[in-house]
Enquirer: 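Here it is: the structure, laid out below.
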Amino acid sequence: MPLTLQSPAKINLSLEILDKRPDGYHNLDSFFLPVSLFDTLVFEEAPELSLRISPESTIPVEKIGTDNDNLILRAARILQRRHAPHAGAKITLSKHIPIGGGLGGGSSNCATTFHALNRLWDLDLSRETLEAYAAELGSDTPAFVQGGAVRMTGRGEILRPAFPDCPENRESIPPLWVVLLNCGEHCSTKEVYKHYIKELTPRPDFYYTVAHFASSGAVSQLAENLFNSLQKGVYARYPRVETSARLLKEAGAEGVLLSGSGATVFGLVRDQAHGQTVCGRLPTEMWKAVARAIYCPMV
Ligand code: C5P
């Protein structure tokens, strides 16, 4: 039986850089939040490992390699090498999350692959083991393995659920809707971290502030407290990204922030209908989507 899984995008309601580490990475404190924009991955038993990009993909896929660099195949090879040397899988990816856009699509696909092959190959590995493997392949990947809203610290690998009562309390957290806007600029994550502009007056509690307002559904207060340490540097280096943020604000979004290391920006909206109205006012040539926060793990 083929296994079909949805692989979500993410935004960061807060992303604070604390300091630079001896290994060249940065210590972060971030509210990492998956949203309902999905790639779809289909996994089928097969003698060999292979990856195919589906023609159903809705964004240009020329930039996706199906070779050894691809995070889906790298995740699969880690599991194959360590736990299932004779297993294979035919993997099909339908891509809908913009590539290299700060929405974590590649990391999410990687995490979904760990979960899927753990099931397809009956490996029975714990989520903690999958998170540790995922950390070998990127800073955002463990958070996607955990799933749901998380507080992310360290390089990105120290995780705590933002709402520990999920999924029991799923209904008690008010929905949060966002509009995502991508102007097509390519921002290299490495470069963005290298050129980030330190805030002179750091405030210590971004995570707690956004977690508080998100959990109570206070969209206007949340809008005033969104924060991303990388934003200033990205807007300075990539003026088109700053322009897209301004357009999103002018279109009626309540608070606008750079997503991760960009180039996508997101804006908070009151509900889905408001999100669609905002989208309707944005330039037709720019990629955009309305999405809902996914607070609790999907698997
Ligand atoms: O880990 P990942 O491949 O997602 O990171 C891409 C680049 O972003 C790294 O090579 C590093 O330059 C930068 N980065 C960082 N600190 C982090 C995460 C990423 O400096 N916590």
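In each ligand, atom 1 is the first atom listed, and ligand 1 is the first ligand listed.
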Enquirer: Answer yes or no for R119 and F43: cation-pi contact, defined as NZ/CZ to six-membered ring centre under 6.0 Å and angle to ring axis within 45°.
Expert: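 Geometry flag: not set, cation outside 6.0 Å or 45°.
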Enquirer: What is the closest protein heavy atom to atom 12 (O) of ligand 1, and at what distance does it sit?
Expert: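 Atom 12 (O) of ligand 1 sits closest to the protein heavy atom K190 CG, 3.5 Å.
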Enquirer: How about D124: does its CG atom have over 12 heavy atoms from other parts shown lying under 6.0 Å from it?
Expert: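 Atom CG in D124 is not crowded, with 12 or fewer foreign heavy atoms closer than 6.0 Å.
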Enquirer: Is G156 near ligand 1, meaning one of its heavy atoms is under 4.0 Å from it?
Expert: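 Outside the 4.0 Å threshold, so no.
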Enquirer: Specify whether Y133 and H83 have parallel, tilted or perpendicular ring planes, treating 30° as the upper limit for parallel and 60° as the lower limit for perpendicular.
Expert: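 It falls in the tilted class, 30° to 60°.
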Enquirer: Can you name the atoms of ligand 1, numbered from 1 with element, that are less than 4.0 Å from a heavy atom of G138?
Expert: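 Near G138, the atoms of ligand 1 are 1 (O).
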Enquirer: Under a heavy-atom criterion of less than 4.0 Å, does G24 contact ligand 1?
Expert: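 Contact present.
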Enquirer: Relative to ligand 1, is V192 under 4.0 angstrom through side chain, backbone, both or neither, heavy atoms considered?
Expert: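 Answer for V192: neither.
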Enquirer: Indicate yes or no: at least one non-hydrogen side-chain atom of L51 is less than 4.5 angstrom from one of N70.
Expert: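 Sidechains of N70 and L51: in contact.
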Enquirer: Answer yes or no: does atom CD of E48 have more than 12 heavy-atom neighbours from other residues, nucleotides or ligands under 6.0 Å?
Expert: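 Not buried by this count: 12 neighbours or fewer within 6.0 Å.
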Enquirer: Select one of side chain, backbone, both or neither to describe which atoms of Y193 lie under 4.0 Å from any atom of ligand 1, heavy atoms only.
Expert: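 Answer for Y193: side chain.
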Enquirer: Any side-chain heavy atom of W121 sitting closer than 4.5 Å to one from Q80?
Expert: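 Contact flag for W121/Q80 side chains = yes.
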Enquirer: What's the shortest distance from atom 8 (O) of ligand 1 to any protein heavy atom, and which residue and atom give it?
Expert: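 Protein heavy atom with the smallest distance to atom 8 (O) of ligand 1: T189 CG2, 3.3 Å.
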Enquirer: Quick check: is I78 connected to I72 through a chain of hydrophobic side chains (ILVMFWY, heavy atoms under 4.5 Å apart)?
Expert: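 Same cluster.
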Enquirer: When you measure from atom 1 (O) of ligand 1 to every protein heavy atom, which one gives the shortest distance, and what is it?
Expert: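 Among all protein heavy atoms, the one nearest atom 1 (O) of ligand 1 is S139 OG, 2.6 Å.
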Enquirer: Which ligand 1 atoms are under 4.0 Å away from a heavy-atom of L28?
Expert: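 Numbered from 1, ligand 1 contributes 21 (N).
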Enquirer: When you measure from atom 9 (C) of ligand 1 to every protein heavy atom, which one gives the shortest distance, and what is it?
Expert: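 Going by distance alone, atom 9 (C) of ligand 1 is nearest to Y25 CE2, 3.7 Å.
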Enquirer: Linking I/L/V/M/F/W/Y whenever any side-chain heavy atoms sit under 4.5 Å apart, do V42 and L93 land together?
Expert: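 V42 and L93: separate clusters.
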Enquirer: Counting only nitrogen or oxygen atoms and a 3.5 angstrom limit, does D140 reach ligand 1?
Expert: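 By distance alone, the answer is no.
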Enquirer: Can you list the ligand 1 atoms lying under 4.0 Å from a non-hydrogen atom of R155?
Expert: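 In order of numbering, the contacting atoms are 1 (O), 17 (C), 21 (N).
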Enquirer: Please say which of D140, T153, N228, N12 ends up in a side chain to side chain donor-acceptor pair (under 3.5 Å) with S30.
Expert: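 When side chain to side chain donor-acceptor pair (under 3.5 Å) is applied between S30 and each of D140, T153, N228, N12, only N12 qualifies.
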Enquirer: Looking at atom 16 (N) of ligand 1, what's its closest protein heavy atom, distance included?
Expert: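 The closest one turns out to be H26 N, 2.9 Å.
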